[in-house]
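All values below were derived from every heavy atom in this structure, side-chain atoms included, with hydrogens, water molecules and symmetry-related copies excluded.
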Amino acid sequence: MIVMYVFETYLDMRQHTALKLPNLPKTLVRVISQEKFEKSRAYSLDKSHFHFVHEFVTILMDSAILFFGILPWFWKISGGFLPMVGLNPESEILHTLSFLAGVMTWSQITDLPFSLYSTFVIESRHGFNKQTIWMFIRDMIKGILLSVVLAPPIVATIIFIVQKGGPYLAIYLWAFMFILSIVMMTIYPVLIAPLFNKFTPLPDGDLREKIEKLASSLRFPLKKLFVVDGSIRSSHSNAYMYGFFKNKRIVLYDTLIQQCKNEDEIVAVIAHELGHWKLNHTTYSFIAVQHTVIPLQHLVSFGLNLVSRAFEFQADAFAVNLGYAKDLRPALVKLQEENLSAMNTDPLYSAYHYSHPPLVERLRAIDGEDKKTD
């Protein structure tokens, strides 16, 4: 754990050095204004400083917890708590739930100062945060209540499988986690996400017609097209799709619509997202995630990032081949500008941490694909 911290801190320092560069990359000169670059640079450096502190405190706490045997000690304490509330201390399921409740409480308490600082200092300082303190607390309470409702049956089922699984334990656990993933991916956008945001159908008009026409041309089974009120919490923008089989949905952040006045630029972003579907990227990623091995988490994560980056280039090329090159370029630039994403990136840091290639690399690839198309 400490070795990984040292290695990742080395990468962070390389990236911090890149962020301090005073000039835009050559590819972005005359594409992004100096004013936007300075704002992006200041935002990225603020986040970088914060990250150093957060990671240092985290490694200190995690090391202390392991070194002083806090977890075994707390396991005993959590078991002794059960008789006090009239529950059976011999029940492995109840004991585990008591233990996890304490761990979750500790995690919430220790992470709260960092979440508050990130949201109400860094994000507010750079004009992104739209939350009130009450909304922040309300979201946190909703998250805790969801954990209270969802965690007990999941944990109880896992323990039951461990107790009864015998020689086929690994297969039963894999099957359960696979089914659980499918269920959560199904109910999250329908039941859980609406608890935090409002999803409204995209109004009739040119934008809706263009997106529906694009989806139809690709035989994408689009059933619903939503706008989510992401602006109530942040001015960051995005778009995504979800759904199984013939029940697909596309969601646009209202901030994306506000920032991209040219509707064709929004359609170009959607073309990129539909490229992931058409090229079966979602299927490949899902299978890969299912085979993640915890002891090799960092290595697997790095490998998945490399795959994801390749998929992003392919999805960009897909949109270019559909004729959206002239709209995709300014859309990506605008998203980079409005989100104040880092303009200068260290190549090693980027390869290790970024699931999406930096803008400079994407623009070069788009130019290359555009020339091939011509």
Side-chain angles (χ1 to χ4, degrees), residues 101 104 107-108 111-112 115-116 118-120 123-124 128-155 157 177-205 207-212 214-215 220-260 263 266-267 269-270 272-274 276-277 281-283 285-286 289 335 338-339 355:
M104 186 181 75
S107 178
Q108 287 281 350
D111 195 54
L112 183 59
S115 296
L116 288 170
S118 175
T119 302
F120 293 102
E123 295 295 307
S124 294
F128 288 119
N129 178 49
K130 305 299 180 183
Q131 292 188 78
T132 63
I133 188 66
W134 163 242
M135 185 181 295
F136 180 91
I137 295 172
R138 187 180 62 190
D139 284 350
M140 184 174 64
I141 293 173
K142 287 180 181 178
I144 293 172
L145 291 177
L146 279 172
S147 298
V148 170
V149 172
L150 297 176
I154 295 173
V155 172
T157 303
M177 296 307 296
F178 180 84
I179 294 171
L180 178 64
S181 298
I182 297 293
V183 171
M184 291 304 298
M185 289 170 65
T186 302
I187 68 172
Y188 178 82
V190 178
L191 299 178
I192 298 177
L195 296 175
F196 297 89
N197 287 95
K198 183 179 180 181
F199 294 78
T200 56
L202 180 66
D204 292 335
L207 178 58
R208 185 181 186 93
E209 289 179 6
K210 289 177 180 178
I211 294 175
E212 289 177 341
L214 172 62
F220 179 77
L222 178 62
K223 295 298 181 183
K224 294 184 179 180
L225 187 52
F226 291 116
V227 177
V228 62
D229 59 343
S231 58
I232 64 172
R233 290 180 180 82
S234 172
S235 57
H236 289 295
S237 56
N238 206 347
Y240 63 92
M241 61 182 181
Y242 65 93
F244 290 105
F245 308 117
K246 300 297 183 180
N247 187 27
K248 305 289 188 183
R249 307 177 183 192
I250 293 177
V251 177
L252 306 175
Y253 278 59
D254 57 353
T255 47
L256 177 65
I257 297 175
Q258 294 163 8
Q259 293 166 5
C260 292
E263 293 178 348
I266 300 175
V267 178
V269 173
I270 300 302
H272 167 95
E273 296 300 327
L274 293 180
H276 287 302
W277 169 79
H281 293 167
T282 51
T283 303
S285 298
F286 183 74
V289 169
L335 289 174
E338 297 301 328
N339 291 325
S355 61

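Of the possible polar contacts, none joining the Lys210 side chain to the Glu263 backbone as a donor-acceptor pair under 3.5 Å is found. Under the 3.5 Å distance criterion, the side-chain polar atoms of Ser124 are matched with a main-chain donor or acceptor of Thr119. Arg249 places no side-chain N or O within 3.5 Å of a backbone atom of Pro189 that could act as its donor or acceptor partner. The backbone N or O of Gly230 sits nowhere less than 3.5 Å from a side-chain atom of Ser234 that would complete a donor-acceptor pair.
Looking at heavy atoms from C-beta onward, Phe196 lies out of side-chain contact with Val228 at the 4.5 angstrom threshold. With a 4.5 Å cut-off on side-chain heavy atoms, Arg233 and Asn197 count as touching. With a 4.5 Å cut-off on side-chain heavy atoms, Arg208 and Pro203 do not count as touching. The closest side-chain heavy-atom distance from Met241 to Lys248 is not below 4.5 Å. With a 4.5 Å cut-off on side-chain heavy atoms, Lys198 and Ile232 do not count as touching. The closest side-chain heavy-atom distance from Leu180 to Thr157 is not below 4.5 Å.
Residue Lys224 qualifies as open at atom NZ: its count of foreign heavy atoms under 6.0 Å is 12 or below.
Atom CG of Leu195 and atom CG of Asp139 lie 10.0 Å apart (nearest 0.5 Å). Here Leu145 contributes atom CG and Leu150 contributes atom CG; the two are 10.5 Å apart, rounded to the nearest 0.5 Å. Between atom CZ of residue Phe220 and atom CD of residue Glu273 there is a gap of 10.0 Å, rounded to the nearest 0.5 Å. Summarising the geometry, atom CD1 belonging to Ile182 is positioned 12.5 Å from atom CD1 belonging to Ile187; distances are rounded to the nearest 0.5 Å.
Under the side-chain contact (heavy atoms from CB on, under 4.5 Å) test applied with Ile270, the options Leu207, Ile250, Leu256 reduce to a single match, Ile250.
Aromatic ring pairs are classed by plane angle as parallel below 30°, tilted from 30° to 60° and perpendicular above 60°; the pair Phe128 and His236 is parallel.
Heavy atoms only, all atoms of each residue included: Phe136 and Leu112 are closest at CE2-CD1, 3.7 Å. Residues Pro221 and Trp277 come closest through the heavy atom pair CD-CZ2, 3.8 Å. Nearest approach of Ser147 to Pro152, heavy atoms of both residues: O-CD, 3.6 Å.
Scored by the ring-ring contact (aromatic ring centres under 6.0 Å, His included) test, Phe199 finds no partners at all (sequence neighbours excluded). Under the rule for a side-chain contact (heavy atoms from CB on, under 4.5 Å), the partners of Thr255 that lie at least two apart in sequence or sit in another chain are Ser231, Ser237, Tyr253, Gln258, Gln259.
Using modelled atom types and a 3.5 Å distance limit, the side chains of Ser115 and Asp111 yield a donor-acceptor pair.
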**Request:** Test Lys130 against Ser235 for side-chain contact (heavy atoms from CB on, under 4.5 Å), laying out the working first.
**Result:** CA-CA 7 Å; Lys130 305 299 180 183; Ser235 57; 4.0 Å; yes
